[in-house]
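Please read the structure below before turning to the comments.
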Amino acid sequence: MADTPLRSRKSYGKADKDGFIHRSWIKATGLPDHAFDGRPVIGIANTWSELVTCQVGLRDLAEYVKRGIWEAGGVPIEFPAMSLPETQMRPTAMLFRNLLAMEVEESIRANPIDGVVLLGGCDKTTPGLLMGAASVDLPAIFVSSGPMLNGKFQGRDLGSGTDVWRFSEAVRAGEISLETFMAAESGMSRSAGVCNTMGTASTMASLTEALGIALPMNAALPAVDSRRKVLAHMSGRRIVELVRDDVRPSQIMTRAAFENAILMHAAVGGSTNAVVHLLALAGRLGVPLTLDDFDALAREVPLLVNLMPSGRYLMEDFCYAGGAPAVARELGELYRREALTVSGQTQGEIADAAEVWNREVIGTRAEPFGASSGLWVLRGNLCPRGAILKPSAASPNLLVHRGRAVVFESIEDYHARIDDPDLEVDEASILVLKGCGPKGYPGMPEVGNMGLPPRLLARGVTDMIRISDARMSGTAYGTVILHVAPEAEDGGVLALVRSGDEIAFDGPARRLELLVDESELDRRRAAWEAGRPPSPHSRGWYRLYVERVQQADLGADLDFLVGGSGATVERESH
Ligand code: FES
């Protein structure tokens, strides 16, 4: 056990006016005298809100965390953190991930707590909470809200998001009626919890286990499963022990832990959004991690998990099949087994204790559900700082392709023209979307998986190459090239693409080239720079964000938030 003095004692341990003020006011919550006898004070950062149905169970779950904290001899104090409802916020929840990270960082640092339990779930809350906690580096543990139950409609399973995209394309192609489509919405989301597919939320929850910052099965236990309450309880117990032993996020989320996260990401067919989140989180911790690590580390990892959007099943099935620990077991010697976790066990010990209960859901490396499923990181004059593609969600026949660009200058331009029967487009065309990067939108929305032109859908075309500086939903699929860096708004070559230009994509060679000669690009650049309008973002968070946000290849964190400031605040509270 470490002999580290608790930082909460600086506030609650003093027999003077200052200590009086700290204790007296917090006692108004009902805390007894003995709560201040030197026990660890544990903050619970809760992103619960009624706006985020994905996390609507967190208010309840926090009570089980508190039970565990009390039981282990700590004192729980819950506080709110910004909720980021993926399906409700405009213009995109991603615009506010860094704001949540700032809020939670300063909340942890400014208050007299010794460790923190992070309660989140919906896509951006997991990275936002982790980034903030990483920059303070007090002991921390993550508890996710858990996935919702499988969607059910007309006798079949419905996957969050994935079946929305599928059904809406079917409506546009005239295959199902609008009434049927609308009727499906009640069956898709029928309990508290995050999206039931391996979308961004469940990807990030799986990665909390791979990073070692959450207890085993944190990702897969359904939100409404009583065992999630037990996991919350046990997380409450563990955080007190982590404080007593002074085990910090920087000791858990090491380079080896990030390598495990990349391996797990590939094995589960995880969301492309995890790339920007892991890069940003690594930046907070000073862990060297680049875009190329995603491509290089995961080349030998096949798709081991048969979940939508890359496969067939849903998160409930993943839970019953063994969850992330069972995937770790199947990764075998590829996994960094020596990496420590907040459970006190190594990753190897957790993997050894796991079993696979359903081979339809979790396969083996010898018999996987797909070939190499990591991300492809592309380079070329169209994306000198990188772009990504998820090959497990793409069409094999499009992985090497040349086509003419059909360009949309903004997502509004896309919506205005995509249904136009006179749009000059065929199945060999490449749809190009600009203005959707971190600065351009702002916030880098999930619009990269543009729907196809109805004329082509009606002819049975189900996929085309799409290129943008946007992200796409973790529940989406298709041959979609994302996160082009630099983005159009930052002066990337993407800004210079015109309809009719030829683009060459070679996935296996990781190349993406705009086949326009340099002198022509120089002319276009001069015209683009001369015609730029002034920024419409003159104040507040939007202004700070567009002025300081980094490009996608660096995780889209604000430049001045990279790294950490530790937990020390020298000045007294007045
Ligand atoms: Fe919250 Fe999918 S919308 S997890």
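Basis for what follows: all heavy atoms, side chains included, without hydrogens, waters or symmetry-related copies. Atoms within each ligand, like the ligands themselves, are counted from 1 in listed order. Residue numbers count from 1 along this sequence.
Contact annotation: for Cys195 versus ligand 1, heavy atoms closer than 4.0 Å belong to both the backbone and the side chain.
Each of Asp559, Asp557, Asn98 was evaluated against Arg548; a single residue qualifies, Asp559, per the side chain to side chain donor-acceptor pair (under 3.5 Å) test.
Of all atoms in ligand 1, numbered sequentially from 1 with element shown, those under 4.0 Å from a heavy atom of Glu86 are 3 (S). Each of the following atoms of ligand 1 lies closer than 4.0 Å to a heavy atom of Cys122: 1 (Fe), 3 (S), 4 (S). Taking a cut-off of under 4.0 Å to the non-hydrogen atoms of Ala201, the atoms of ligand 1 that pass are 4 (S). Atoms of ligand 1 found under 4.0 Å from any heavy atom of Cys54 (numbered from 1 in listed order, with element): 1 (Fe), 3 (S), 4 (S). Here is the list of ligand 1 atoms found below 4.0 Å of a heavy atom in Thr87: 3 (S). Residue contact check: Asp123 has heavy atoms under 4.0 Å from atoms 2 (Fe), 4 (S) of ligand 1.
For the residue pair Gln55 / Thr125, a side-chain donor-acceptor distance below 3.5 Å is found, with atom types taken as modelled. For the residue pair Ser83 and Ser49, a side-chain donor N or O sits within less than 3.5 Å of a side-chain acceptor on the partner. A donor-acceptor contact closer than 3.5 angstrom links the side chains of Glu446 and Asn273.
Counting heavy-atom neighbours within 6.0 Å of Glu106 CD, excluding the residue itself, gives a total above 12.
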Can Arg359 and Glu330 be said to form a salt bridge (Lys or Arg N to Asp or Glu O under 4.0 Å), step by step?
-> CA-CA 11 Å; Arg359 284 293 178 199; Glu330 291 306 322; 3.0 Å; yes
